Structure formats: structure tokens, C-alpha cells
Undergrad: 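This is the structure, below, for whatever I ask next.
These values consider heavy atoms only, across backbone and side chains, with no hydrogens, waters or symmetry-generated copies. Keep in mind that this is a model prediction, so the values were computed, not measured. When a ligand or atom number is given, it counts from 1 through the structure's own listing order.
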Amino acid sequence: MKHYLSIHDIGDLQTTVNEAIALKKNPYQFEQLGHQKTICLLFFNNSLRTRLSTQKAAMNLGMEVMVMNFGSEGWQLEFSDGAVMDGGKAEHIKEAAQVVSQYCDIVAIRAFAGLLDKKKDEAEEVLNGFKKYASIPVVNMESSVAHPLQALADTITIEEHRIIERPKVVLSWAPHPKPLPHAVPNSFVNMMRLQEAEFVITHPKGYELNPEVTKGCKIVHNQRQALENANFVYVKNWSSYSEYGKVLHTDKNWMMTQEKLGDAKFMHCLPVRRNVVVEDAVLDSLQSLVIEQANNRTYAAQVVLKRILENIK
Ligand SMILES: NCCC[C@H](NC(=O)CCC(=O)O)C(=O)O
Ligand SMILES: NC(=O)OP(=O)(O)O
């Protein structure tokens, strides 16, 4: 694998999940693979899980890790070709990406959607800028439109807790005070398409995701109806896509409760706002898989870095 920008870069999903589960059992098996190789993790936004699990994954593979909070520590980047840089931006992506390529063998990048300009967000200027100008492999640690390391960890978690061949998996919108990006639900939907499941999306009207992502997916606007007989319920807030980046309403009735969850397993990528997105009783119950999802982020990242390292050796 050259880059890991979307879930589609991984090849066969089931093979990858099996490999990740094997790595989880024996995490130091490939300690030599990353010897004298360096990964640079560049953050344009906050993180807990991605920051630590990707570093842990790289360390398990014997790599050296450099982390930079680019958003607060780096020079402001210019992305336009031919720009006259007489404003606030000190460095062009052309130099920045090539410079980073001098110091490391893989670069991983987190750069969220700004949620103000759909076209600009969908152009993925940070991720695509590095892809275009860096001479090393690029890993997506959540971009404007995708969070493929999260989706892979979610698949591993579902695989570990699946008790029937074709589980019912529900992606449910939940309220949130802030406008949040579409990256996590987009990647979850794309990943669900690649596996055996009865998949249903539920959200209030107005919260349709990008129709190109959800094309052909079953969408039910009645949350209770959608949740009937669910095995896994993945809860996530996202802002409106059609009224781009807007919070249309924060209807408390969409919060996930123990009563609505029934016997299903609860999933969320974290961080989660307790008693807004989901009530305490769910997060504090044995039905919650959120900590296991966070744990599986390490093995998702590890299988991705392993494949990239095998390709650059
Ligand atoms: N990486 C996982 C989720 C990151 C981000 N959540 C957030 O920004 C939550 C912030 C808050 O709750 O204030 C999102 O939804 O894409
Ligand atoms: N789930 C996730 O990506 O968490 P962080 O934003 O803390 O990295």
C-alpha cells in the first residue's frame, strides 16, 4: 500500500481485519520492520485517541515517532498555486510537504473540515497538498471527508463482537451543541458497504449525509423503528450537509438511551458528550464498546503502517 487516504486503499477488508486481530494478539511480531524508519504525525486539530494510538502502533513496529501540532506550532500554510504571499501565510505547501519528506519515511495528517465552505472542504487541500508534494506515503488521521483509521477500528470491533453472520447495524444521528464534520459517518458508511450486514441509517430530516456516500443505503427517519432488533448501534452527531455545516436542531429526543438501545451493543468513536449524545447508563454499561473501539485504533493503525512499511522496504 502506498498511501492510506480512504478505506478503499486497504484492499480486502476481511483479510485486513484478520491481520489486525493477529497483530493484537502478538503486537511486537514485526518490531524489526520499522527499525530506523520515522513517522511524522502532523495535527492541525485536537486529538487524544488518534495521537496516542498511531504513535503506539508505530512504536510496536519499531519506528521512531515525531509529533507536531502544526495548527498551533507550524507556519500558516498557503495552498494556492501562483499565490502572491504578502498576507498572513508564511509557507507554501510545496515547500512544507517536501521539507517534511526529508525528515521521515511516512507522514500522517489530521486536518478537519472547516464546515464553512463545502467546496473547499471537499477539495481536501491539506491532505491532497501533502499527497501531491510529499515524496513519502501519506496516512489520513481524519480529514475533511474521511476517517478511515476509525472505520477500520470499528470494523475490527464489530468483527470481535459479531455473534451472527449478518448483524443489523444502525448508524444513528444524535444531538450536539456544535457543528461537527461528516468524516466519521462517511467512513463508517463506506466501510459498512464492504461487509455482510443489514445496515440502516437514521437521522432527522435535513441531516442527510452526502447523497453520493449514502446512495442505495436504507435511511429511516423514525429512530425507534430503525433501532428495532439492532445488534450494533453506532451513534454520532454530524452537522447538516445540504445546509452545509449548520446545526438545524438539537432535539433531545434523539439522544441514545438504555431503553432505546435494548440489547444492542453501543458504539461511538469518542470523544462523546455525556447526556447529550448518549446517557450515562449506556456508556457505563457492559453494552458499550467505546473503550474497545479506542483500543482497536492501535491495531487498525498498525496494520496500515505495516502494509506501508512492507511497500517501502
Ligand atoms: N475524531 C473523532 C471525532 C472528532 C470530531 N469531534 C469533535 O470535534 C467533538 C468536539 C466536541 O464535542 O466539542 C468529529 O466529530 O469529527
Ligand atoms: N476517535 C478519534 O479520532 O479520537 P480523537 O479525535 O481523540 O483522535
Side-chain angles (χ1 to χ4, degrees), residues 4-7 39 41-58 65 67-72 108-116 118 121-122 124 126-127 139-158 171-191 203 207 209-210 213 234-241 244-247 250 252 254-256 266-279 283 288-302 304-305:
Y4 186 60
L5 304 177
S6 90
I7 191 85
I39 186 168
L41 313 181
L42 299 183
F43 287 88
F44 291 78
N45 306 93
N46 296 351
S47 171
L48 171 62
R49 282 140 290 273
T50 306
R51 161 78 176 75
L52 296 179
S53 64
T54 311
Q55 175 156 6
K56 174 82 176 143
V65 184
V67 184
M68 185 170 174
N69 291 316
F70 210 101
S72 54
I109 295 158
R110 162 162 288 197
F112 288 177
L115 294 175
L116 297 172
K118 185 189 282 190
D121 285 348
E122 293 189 341
E124 295 271 38
V126 181
L127 198 68
V139 173
N140 183 350
M141 296 196 297
E142 189 173 342
S143 67
S144 293
V145 302
H147 195 0
L149 286 172
Q150 183 67 51
L152 186 52
D154 298 338
T155 321
I156 297 165
T157 311
I158 291 174
L171 170 64
S172 178
W173 181 91
H176 197 285
K178 276 172 49 185
L180 295 189
H182 308 99
V184 170
N186 283 348
S187 288
F188 190 76
V189 173
N190 283 330
M191 176 277 288
H203 57 68
Y207 279 104
L209 290 162
N210 181 347
V213 173
Y234 199 99
V235 176
K236 182 73 186 81
N237 167 268
W238 59 87
S239 55
S240 175
Y241 181 76
Y244 192 67
K246 295 251 164 17
V247 176
T250 50
K252 281 193 175 135
W254 278 80
M255 179 176 79
M256 190 50 57
F266 173 81
M267 299 180 74
H268 190 285
C269 63
L270 302 182
V272 71
R273 304 257 186 155
R274 281 176 171 256
N275 304 307
V276 176
V277 170
V278 53
E279 67 175 4
L283 282 170
S288 173
L289 300 181
V290 298
I291 304 303
E292 204 44 51
Q293 284 172 267
N295 183 27
N296 283 333
R297 288 293 306 273
T298 299
Y299 309 102
Q302 202 170 327
V304 165
L305 296 182

Undergrad: Number the atoms of ligand 1 from 1 as they appear, then name those within less than 4.0 Å of a heavy atom of K236, with their elements.
TA: 14 (C), 15 (O)
Undergrad: Among the heavy atoms of M141, does any lie under 4.0 Å from an atom of ligand 2?
TA: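 No heavy atom of M141 comes that close to ligand 2.
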Undergrad: Just let me know how F112 lines up against ligand 1, side chain, backbone, both or neither, with a heavy-atom cut-off below 4.0 Å.
TA: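 For F112, only side-chain atoms sit under 4.0 Å from ligand 1.
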Undergrad: Test your reading of the model: is there a side-chain donor-acceptor pair from E124 to the backbone of S144, 3.5 Å cut-off?
TA: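 Pair found, side chain donor or acceptor close to backbone of S144.
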Undergrad: Check the angle between the aromatic planes of H203 and W238 and answer parallel, tilted or perpendicular using the 30° and 60° thresholds.
TA: perpendicular
Undergrad: For atom 16 (O) of ligand 1, what's the nearest protein heavy-atom neighbour? Residue, atom name and distance, please.
TA: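 I find the closest protein heavy atom is E142 OE2, 2.7 Å.
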Undergrad: Where's the contact between R110 and ligand 1, heavy-atom distance under 4.0 Å: side chain, backbone, both or neither?
TA: side chain
Undergrad: Which of the numbered atoms in ligand 1 are below 4.0 angstrom from a heavy atom of P181?
TA: 14 (C), 15 (O), 16 (O)
Undergrad: Nearest protein heavy atom to atom 7 (C) of ligand 1, by residue and atom, and its distance?
TA: L180 CD2, 3.7 Å
Undergrad: May I ask you to list the atoms of ligand 1 that are less than 4.0 angstrom from any heavy atom of K178?
TA: 10 (C), 11 (C), 13 (O)
Undergrad: Any idea which part of Q150 is under 4.0 Å from ligand 1, heavy-atom wise: side chain, backbone, both or neither?
TA: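 It is neither part, as no heavy atom is under 4.0 Å.
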Undergrad: So which of V276, V277, L270 gets nearest to atom 2 (C) of ligand 1, if we judge by its closest heavy atom?
TA: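 Going through V276, V277, L270 one by one, L270 has the nearest heavy atom to atom 2 (C) of ligand 1.
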Undergrad: Please identify which atoms of ligand 2 are closer than 4.0 Å to at least one heavy atom of C269.
TA: 1 (N)
Undergrad: Which atoms from ligand 1 have a heavy atom of H147 less than 4.0 Å away?
TA: 1 (N)
Undergrad: List every atom of ligand 1 that sits less than 4.0 Å from any heavy atom of R273, numbering the atoms from 1 in the order shown and giving each element.
TA: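 Answer for ligand 1: 11 (C), 12 (O), 13 (O).
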Undergrad: Between the main-chain N or O of S239 and the side-chain N or O of H182, is there a donor-acceptor pair closer than 3.5 Å?
TA: yes
Undergrad: Between ligand 1 and H176, is the shortest N or O to N or O distance under 3.5 Å?
TA: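 Between H176 and ligand 1 (N or O atoms, distance only) the closest approach is under 3.5 Å.
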Undergrad: Is the closest heavy atom of R49 to ligand 1 under 4.0 Å?
TA: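 In this structure, R49 fails to qualify as a contact of ligand 1 - no heavy atom is under 4.0 Å.
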Undergrad: Judged by non-hydrogen atoms, does Q293 sit under 4.0 Å from ligand 2?
TA: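 Checking ligand 2 against Q293, which is what was asked, there is no heavy-atom contact under 4.0 Å.
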Undergrad: Regarding R297 and Q293, is there a side-chain donor-to-acceptor distance under 3.5 Å anywhere?
TA: no
